[in-house]
Amino acid sequence: MSSRGSGGRTNGTLPQTKICQFKLVLLGDMAVGKSSLVLRFVKGQFDEFQETTIGAAFLAQSVCLDDTTVKFEIWDTAGQERYHSLAPMYYRGAQAAIVVFDITKPETFDRAKAWVKELQRQASPNIVIALAGNKADLAEKRLVEYEEAQTYAEDTGLLFMETSAKTAMNVNELFLAIAKKMPKTDTQNPTHAARHRGVNLQDPDAHSNRACCGGN
Amino acid sequence: MPRPPLLLPSVPSTLDPSTLDPSPHATALASPPPSHLSHALSSHHLLLPPLPPPPPPSSSSVTCSSLRSSPPFLSAPPLIPSSSSPPPPPLTLSHSPPSPPPCCPPGSEGPGGFSERLLGSTSVWRVSQLDPEQVARGLEREAAGVFLVHCRGDQATLLSVRLPNGRGEAAMHNIPVKEYGKFLHLEGSCLLFDNIIKLISFYCFSRDILPVTLRLPKVITIAKKEELSVVSAMAKEFCTMALPLHDGETNEPPAAQPQFCHVVPNVVERLTHSDSVWGESPVLSTASSRAADEAAPRPASVVPLPLQRAPLCPQGDAPPAQPHSLPNGTTVPPPDAMGQSNKLRFKRPPPRPPSLCAGSPAGPPCGAAGGAGPPGGVASPSAVGEEARFEELLKEARKTEPPLSPPPPSRPPVPWQARPPPCQPPAPPRRASPNTAPGGGAEGPMGEEGEGAGQEQRASGSPTIGDLLQLEAPAHSSQTDGRTTEEREEEGGKEREEEEGGLSTTSPSLPSQSSCKRPPRPVPPPRRKQAPKPPEPAGGAGLTANQCAAVRAAPPSSVRRPDVSLYSPQGGAAVGADPDSCSPSSSEEDPGEVGHGEEHNQSQRSDSHASSKAAVKRTPTTVMLGRARHRLSSVLTGLMSHDVRLTQRIVELARDPISYFGNLVKEHRTFTLETMTRHSSTTELLQEIRTMMTQLKSYLLQSTELQGMLEPQHQYTHDKLESIAEAALCKSVLKPLRESIYLRLETLHSEDGSTQRLVHNQSSVLGSTTTALGVTTAVPEAPAMEKINVKLCSLHLEYSPQRKIQLLLKTCKIIYDSMAVSSPGRAHGADDFLPVMMYVLARSKLAQLRLDVEYMMELMDPSLSLGEGSYYLTTTYGALEHIKTFDQQRAATRQLSREVQDSINRWERRRTLNKDRMSQGSVQDFLTVCCPEVGSNPRALGVLPGTSIHELTAQCASRFEQDSYIISLFMDGLMRPLAPTELALGVKNSLPPGGYCFVFHPAHLIADIQTDIVPPVDPKQVLDSDGPGETGNQDDTKSVVTLDDAIQEQAGESLITL
């Protein structure tokens, strides 16, 4: 889904109240803490920006960024392998994705890489992808080294952070980093957004993304 | 300060609040002999014979004609009364209450002011059972135009007006207030009113047959709201006290008391009170009329009455009524006995019942028996059906009201007196409002005129509700009345009171007539025409009073009904109704008609209404609570009603075969039904329907037809308008198509075997364990599953995609709730939810749900951001597809079928594209093409920004079924061929709106035209046009003048001829 700013119409006239809305999809193996991560993020925010939803599979949360209110519609996906085939329905049209893995489970990191590859191949070309190494509070059980993931992220043009839904470490930071990378202009039109994106630091990422795609 | 604009001289300063009208009357029961009055009346009659119905001004004319045509009313006796002159068709002045305010503006008072005052002072100017002397005395000290409405026992209701001192001997002019069917009118006048309030308010602005316009005593006109209530309360007390005295002096007093009580309505009991009054009044009016005539020496008046009634119900009315009236009059119950007397009168009301039934809830069955005869008969056969309906409703209403009604009769005047002013017959007003609603009109003017706030309140407030309810059922009206009462109390003398008050006031003097109002429906048309309060306060000369009045009246009505033109096609009734009162009601109705779809919202509303009503009815103790509640609900209702109203209007417009939009809708619908079987895929089918809806919406949003429906005082944002239009379109397009769509979808799916596959796999999923599904939480138990299936079932029956999605969300919520059973407090993400969703779906009607999902996905308004709805819709779709390929999944197929993936892709893309298009301005998506000539056979075609003329030609070819035609642009009298590569919207946007026309016509046509026209006009144009005509003979152009006009004509002609 393309993001749709309820305030899209006012974007031009009132930059102060600019509202950008983005669809963010959560990918990752089962039990890596996707939902917990998001819930931590959502609950850590001011209630006034929170939208009530019927369940945690879909959450909506806004964050304020300078002159912009960025609203995330967060689509969770089922991590079970058997439902993998449904994922494309969820990341279709998403402007951002967080691929989550568990630093204590290397196989989830492998799975994350597969997701990233799939996203770069099939999702919107301008999608902002963040890689989150969750459960950073379990450092003693770490099986995926930070450097390994960091290197991978740099190579593939991803945002990367190790997070802990339990301690809230880097949770808000992760979402803020994504928000900053999102095009803040006309979110109504993906192509527009892409055009304006050039101004952002995102550019290199985008290139790398493409390179990645090509490579794959 | 609010005072009747028309007020001539100032009221005697001598009047203190304490000495308000009532007191004067009571004390001054001495001088003027009745004979004077009667003489005066009779003379007036002679002087001012009822004129033929005043030629209604343009707008009003229609109404008048209708009235005349309607045998029952027109033929009615009322006219006859005017002895000498041929009875002109009576004009009915419908709701004056609303209109008064607008009219009032002339002067000093705020729009609402006058009505409020009039209502608030009902107890002052409306007294029951005063003898002529008392009346004369009371008026003696008042300024010219000050009036009293009174009746004596069973005698006729009289309107006594203080005449200017200069006018001969008579200081007072008495005119009987007659009832005609369910309406009231002054003897000798053709103007009919719903109730005494309306009548009085009208005559405050227009003399008609009166020597002077009426005016409220200065005390009243200058009193503040609070003071007003005090004054009225005092008036009541005064009357009660005074009456006994009078009794001593005269026999009449006792009788007066009971009536008086009626006059002084109290809060809760108002309803009852009003009812009782009504009940009584009928009797009084009928029987009393004679008695009054006799009592008051007026040969002329007496004669007319019998005659009038005779035609309708030969004596039937009078005889039954008389007995009652006589006893009442003679018995003259002491103050204490008032309650009893009232009750008795209630019984009398029975006669009224017919009218009452229609009009007032209060009228008990008994009343109907006696009184019904006359009123009903008068009411007119035509109205019978409606009356019957009303009666049914009334019955319902009575059921609810009964408790209340008893109190009124018995109610001790004193307790209630505190609130007397407001109390006044709230119930009647309600009725009136209902009536008004049908009649329409009343509110419109007011709001426009300047009551802004007041109107809004009314619209939003109880009135609206009442109207809504009433439209459907009279019973509601009764309920409404109760509510009204409360409202009044709350708001004191607000504008609502104006409406209501008018009715309420009626009760004392002209109860029967007021009850008659009920027939509002029949009346409505007349009402519109007549403005209860003509804009011109002073009014024209007195001689041609009737005509003048009519004329005056007419203007207001016309003013009121700006909307009429819009609705005209649909018929008077629809048109007539006020936007406010009528539409709401209609909207309410529609929901019912329409069916489940709308019910959610509306039912909720109605619930709230009902609850508020209920609260009102309860008891005095709960009054405060009820009021607050009512207020809140009315505010909410008001807010909602704007949208509901607009939605309803659009739906009506869509149904209106005469409107352009209605035609479009019909056309599209027909086309869809015809072509439905041609589509080979469900997606294609649904997409076309969605496209059609989007086009219709685009047209609607830019159409003047919609603009005309918007209430000027209510601003809508574009988004809001769009959603309203969408809702209305769902109702007018999807609702009728839903069944066909489902049938077709089902057929398509069974043809391609997907249904079978789904059902087969469903059993596989059913057979698999929760572990196999990945379920890690609790799954819904049987009760929850049942709830889920109920929700899914109603989802299936829903026609609106949006509401379907709402139901889907509710279903998912139930699933979440059941999951939480195993792990309270834990938030469940998709890992947990999807497997359970699979589990649930496997136990539902999958085939049906699958159609629903398609329906939602494709027909959902693409401009809407679905958010959560989109997520769960996607999840449901995914789960369904997953089930469809379940076996393959087991076989380790990781990917959904290519087909499914593509489907989702396409869906996302469509939505994205649609959104872009919508955001760019859907308005430009619509083109009108005529074929084969300018102005003929116009069709609206949806075009994309990228649609070329070539593509448009193809569209036209299929639409008009003409393969060989071409598209040209007719503009400035020229036909310009369009290049196939031009963009249709580009062409449209480059032209001034309305200054061009796309024409789909035979190819040879343009050549001819251009030959004819172009050369003379401007060679350049020819070149520009680059059409075949360029080479045409200039000879042909000879006849063509160089003037553009001429050219245009020429072009038009040639087109036509060709």
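All values derive from a computational prediction rather than experimental measurement. Heavy-atom basis, side chains included; hydrogens, waters and symmetry copies ignored. Chain naming here is simple, since letters A, B, ... match the order of the sequence lines and numbering starts at 1 in each.
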- request: Could you walk me through whether B/Arg826 and B/Asp832 pass the salt bridge (Lys or Arg N to Asp or Glu O under 4.0 Å) test, one step at a time?
  value: CA-CA 11 Å; B/Arg826 183 185 152 198; B/Asp832 302 321; 2.8 Å; yes
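- Interface remark: of the candidates A/Ser36, A/Ala56, A/Gly79, A/Ala56 forms the most heavy-atom pairs closer than 4.5 Å to chain B.
- In this structure, the side chains of A/His84 and A/Glu118 come closer than 4.5 Å at one or more pairs of heavy atoms.
- Both the backbone and the side chain of B/Leu773 come within contact range of chain A, each with at least one heavy atom under 4.5 Å from a heavy atom of that chain.
- Side-chain contact check for B/Gln802 versus B/Met860: some heavy-atom pair is nearer than 4.5 Å.
- With a threshold of 4.5 angstrom between heavy atoms, B/Thr875 approaches chain A through its backbone and through its side chain.
- Heavy-atom pairs under 4.5 Å with chain B peak, among A/Ala60, A/Gly55, A/Ser35, at A/Gly55.
- Ionic pairing of B/Glu854 and B/Lys804 is not present here: no N-O contact between side-chain nitrogen and carboxylate oxygen is shorter than 4.0 angstrom.
- Considering CG of A/Leu119 and CD1 of A/Ile129, their distance stands at 4.5 Å, rounded to 0.5 Å.
- The stretch residues 818-838 of chain B participates, sequence neighbours left out, in these ring-ring contact (aromatic ring centres under 6.0 Å, His included) pairs: B/Tyr816-B/Phe833, B/Phe833-B/Tyr872.
- Heavy-atom distances place the backbone of A/Thr77, and not its side chain, under 4.5 Å from chain B.
- Proximity to chain B among residues 170-177 of chain A is not found for any residue, judged by heavy-atom separations below 4.5 angstrom.
- Salt-bridge annotation for A/Asp29 and A/Lys105: absent, with no side-chain N of the basic residue lying under 4.0 Å from a carboxylate O of the acidic one.
- Shown here are the side-chain hydrogen bond (donor to acceptor under 3.5 Å, both in side chains) partners of A/Asp110, two or more places apart in sequence or in another chain: there are none.
- When heavy atoms are compared at a cutoff of 4.5 Å, B/Met819 does not approach chain A at all.
- Contact tally against chain A (heavy-atom pairs below 4.5 Å) for B/Gly829, B/Ala879, B/Cys812, B/Ala827: the top residue is B/Gly829.
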Test side chain to side chain donor-acceptor pair (under 3.5 Å) applied to A/Thr108 and A/Asp102, step by step: CA-CA 6 Å; A/Thr108 63; A/Asp102 182 349; 5.5 Å; no
Please table the atom pairs, donor to acceptor, closer than 3.5 Å between any side-chain atom in residues 783-790 of chain B and protein atoms at least two apart or in another chain.
from, atom 1, to, atom 2, distance (Å)
B/Asn789, ND2, B/Met785, O, 3.3

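- Of the atoms belonging to A/Ser124, not a single heavy atom falls under 4.5 Å from chain B.
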